[in-house]
Number of protein chains: 2
Amino acid sequence: MTDMTIGKVADVVGVGVETIRFYERRKLIEQPSRPREGGYRIYSDATVKRLHFIRRAQELGFSLKEIAELLELRDADAPRADASNVQQRAMAKLRDVDQKIDQLRQIRQGLAALVDRCPGQGPLRCCSIFEALEQNAVPASRPTVSEEIGMQTIRLSIGGMHCHGCEEIVRHVLEQQTGVKGCSVSHESGEARVAVDESEISDEQLAEAVRGAGYSANIMNIPE
Amino acid sequence: MTDMTIGKVADVVGVGVETIRFYERRKLIEQPSRPREGGYRIYSDATVKRLHFIRRAQELGFSLKEIAELLELRDADAPRADASNVQQRAMAKLRDVDQKIDQLRQIRQGLAALVDRCPGQGPLRCCSIFEALEQNAVPASRPTVSEEIGMQTIRLSIGGMHCHGCEEIVRHVLEQQTGVKGCSVSHESGEARVAVDESEISDEQLAEAVRGAGYSANIMNIPE
DNA sequence: CTTGACCCCGTACCGTGGTACGGGCACTAA
DNA sequence: TTAGTGCCCGTACCACGGTACGGGGTCAAG
């Protein structure tokens, strides 16, 4: 596995050739050795590892800048290069991610409210969404469609179901909730319809239950 | 409140002056009227509303490009400019946001696992996080600090896992239990190994948690 | 009528994470 | 030896949503 040229390395690590050169320019990896002046780059195992590191750290949400700092820590045998330093950075990033999630949740809230208050047909001016956007606030109260219909069927968008077994599990979980009268689950469409008495359980509680089983779940506000 | 110059409008809407000019270039808003050639821009209420719209839509996660489309719909009295069209866009964006949230949740998971497995002190090489990053796998399970400190490894025999997704779910469920420091799950062998602090959770509780997710679970008494 | 704040315009630049181009060598298998 | 790849290098460019600059003109208060 040693002595790979840039193309092989790119394949192994799962990035583009240009990307590796880009990292080199950004000094995330050192200049690889070459057989002669102007020859091909030959990558050591250490550098390949380094690239893996970069890739994984990126997947965890670290920016290239932050990764550079982590790598510097790793290289330095300096006293400050200890585990607590690294852990602190990871924790900071965790807080970061939590914040982003919260922000997205708020956005989600706003969007869901908007969608819910839209008649879904007719001319534009019927869509309070639009008017709401022109003012500087989300429409606070207004009977939602769900309220008008007195909806009994909740639809959930569920991620992470890969097989029939997953369906069974989700069904199982849903049916164990109080207030659930029945449900159908499809891993193909990634969707569940749940017949509930809404006075007994909320849609969010339902979603949370599904999440507790390890799937992602979000409420789909508009039936059909 | 009419007849505002760009600075006033910027204040009212809550954006920078340059930003308004930028929107003008992007044709999100029309050219405002001016008293004379080369004079100051004077903004109509309609344009101010439009800016509010842009701002609000942005807060809801729409890109400028998407906002341009929404505005076009709004301008057009065309037949396609109806509420359902708008609602559909909002719903698409909602799905988008949901997806982003799910992604972030996964990132969060990974980070949390990392932080959890770090001793939090001592030299770098003690931090399994780091080594994990160099390999190409998530630092899922790996003999960790927890074991050194006197953690126990519990083995569970699990039925009903049909795919990789199921593994993930079981892992998820296990990792959410208090006292669980890490685990590895295989649907092929139908087995899970869980690193736990047994003073915090019992093997039977663990099995029960897995059952709660819809799988069968039993404790394997003989390690290895 | 002056002064100072405000606004004009075009253009360049920021950070983020890459991708694309194109002429010319380096390598390798036949 | 020769064809066909793979790689070399520098530079330019992409989307995204702005921000900054700088040398002027405009406007309203005093």
Side-chain angles (χ1 to χ4, degrees), chain A residues 3-29 31-43 47-48 50-51 53-71 93 96-97 100 103 107, chain B residues 2-29 31-43 47-48 50-51 53-71 93 96-97 100 103-104 107:
Chain A
D3 290 5
M4 289 191 286
T5 62
I6 197 168
K8 294 272 169 60
V9 174
D11 272 3
V12 167
V13 178
V15 302
V17 167
E18 304 283 356
T19 304
I20 295 180
R21 295 211 307 125
F22 171 69
Y23 290 161
E24 204 178 302
R25 281 202 296 286
R26 292 280 297 253
K27 308 221 172 135
L28 290 172
I29 56 177
Q31 300 266 59
S33 64
R34 315 195 186 203
R36 73 202 71 231
E37 185 79 10
Y40 288 6
R41 290 169 174 81
I42 299 296
Y43 289 88
T47 303
V48 174
R50 211 177 164 87
L51 283 166
F53 182 103
I54 294 170
R55 204 87 211 108
R56 293 277 318 127
Q58 229 175 0
E59 280 166 19
L60 288 175
F62 290 97
S63 71
L64 291 186
K65 195 171 177 182
E66 290 163 334
I67 292 172
E69 288 169 14
L70 287 173
L71 286 169
K93 179 53 69 179
D96 234 62
V97 170
K100 275 192 197 133
Q103 276 168 17
I107 287 174
Chain B
T2 14
D3 291 6
M4 289 190 287
T5 62
I6 198 169
K8 293 274 170 58
V9 174
D11 272 4
V12 167
V13 178
V15 300
V17 167
E18 305 283 355
T19 303
I20 294 180
R21 295 211 310 125
F22 171 67
Y23 290 161
E24 203 177 302
R25 281 202 296 286
R26 291 280 297 253
K27 308 220 172 139
L28 290 172
I29 56 177
Q31 300 265 61
S33 62
R34 314 194 187 205
R36 75 203 69 233
E37 186 79 7
Y40 288 6
R41 290 169 175 82
I42 298 297
Y43 289 88
T47 303
V48 174
R50 210 176 165 89
L51 284 166
F53 181 104
I54 294 170
R55 202 84 209 114
R56 293 276 318 129
Q58 230 176 358
E59 279 166 20
L60 288 175
F62 289 97
S63 70
L64 291 186
K65 197 172 175 180
E66 290 163 334
I67 292 172
E69 288 168 14
L70 288 173
L71 286 170
K93 180 53 68 180
D96 233 63
V97 170
K100 276 194 196 130
Q103 275 170 17
L104 281 177
I107 287 175

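Within every chain, numbering begins at 1; the chains are lettered A, B, ... in the order of the sequence lines, protein sequences first and strands thereafter. Reckoned from all heavy atoms, side chains included, excluding hydrogens, waters and symmetry mates. Note that the structure is predicted; figures quoted are calculated from it, not measured.
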Tell me whether the side-chain N/O atoms of [X] come closer than 4.0 Å to OP1 or OP2 in [N].
X     : N      : result
B:R41 : C:dC8  : yes
A:T19 : C:dT19 : yes
A:R36 : D:dC8  : no
B:T5  : C:dC7  : yes
A:R26 : C:dG15 : no
A:Q31 : D:dC9  : no

Contact summary for B:I6 and B:R21, nearest pair of heavy atoms: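 Minimum heavy-atom separation between B:I6 and B:R21: CD1-CG, 3.6 Å.
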
Shortest non-hydrogen contact from A:I107 toward B:G61: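 Closest pair (atom of A:I107, atom of B:G61, distance): CG2-N, 4.4 Å.
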
Starting from [atom2] on [N], measure out to [atom1] on [X] and report it in whole angstrom.
X     : N      : atom1 : atom2 : answer
B:E24 : D:dT19 : CD    : P     : 16 Å
B:I29 : D:dG18 : CD1   : P     : 13 Å
A:F22 : C:dC21 : CZ    : P     : 18 Å
B:I6  : D:dC27 : CD1   : C1'   : 16 Å
A:E37 : D:dC9  : CD    : P     : 10 Å
A:I20 : C:dG17 : CD1   : P     : 17 Å
B:E18 : C:dC8  : CD    : P     : 10 Å
A:E66 : C:dG17 : CD    : C1'   : 14 Å

Side-chain donor/acceptor of B:Y40 to base of C:dC6, under 3.5 Å: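 Counting by modelled atom types and ignoring angles, a donor-acceptor contact under 3.5 Å is found here.
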
Heavy-atom donor-acceptor pair, A:R21 side-chain to D:dG10 base, under 3.5 Å: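 Result: at least one qualifying N/O pair found.
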
Option from B:I20, B:I54, B:L51 for which side chain to side chain contact (heavy atoms under 4.5 Å, CB included) with B:V15 holds: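 Only match with B:V15 under side chain to side chain contact (heavy atoms under 4.5 Å, CB included): B:I20.
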
Sugar-phosphate only, base, or nothing, as touched by A:R34 at under 4.0 Å among non-hydrogen atoms: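 Sugar-phosphate: the residue A:R34, judged by heavy atoms under 4.0 Å, touches backbone atoms but no base.
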
CZ (B:R36) with more than 12 external heavy atoms under 6.0 Å: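 Counting neighbours around CZ of B:R36, 12 or fewer heavy atoms of other residues, nucleotides or ligands fall under 6.0 Å, so no.
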
A:R25 vs A:G38, nearer the 5' end of DNA chain D by closest nucleotide: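 Whichever sits nearer the 5' end wins; that is A:G38.
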
Residue met sooner reading DNA chain C from 5', once B:G7 and A:L64 are mapped to nucleotides: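 Residue closer to the 5' terminus by nearest nucleotide: B:G7.
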
B:R34 side-chain N/O to B:G39 backbone N/O, donor-acceptor pair under 3.5 Å: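 Judged by distance alone, yes, a pair lies under 3.5 Å.
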
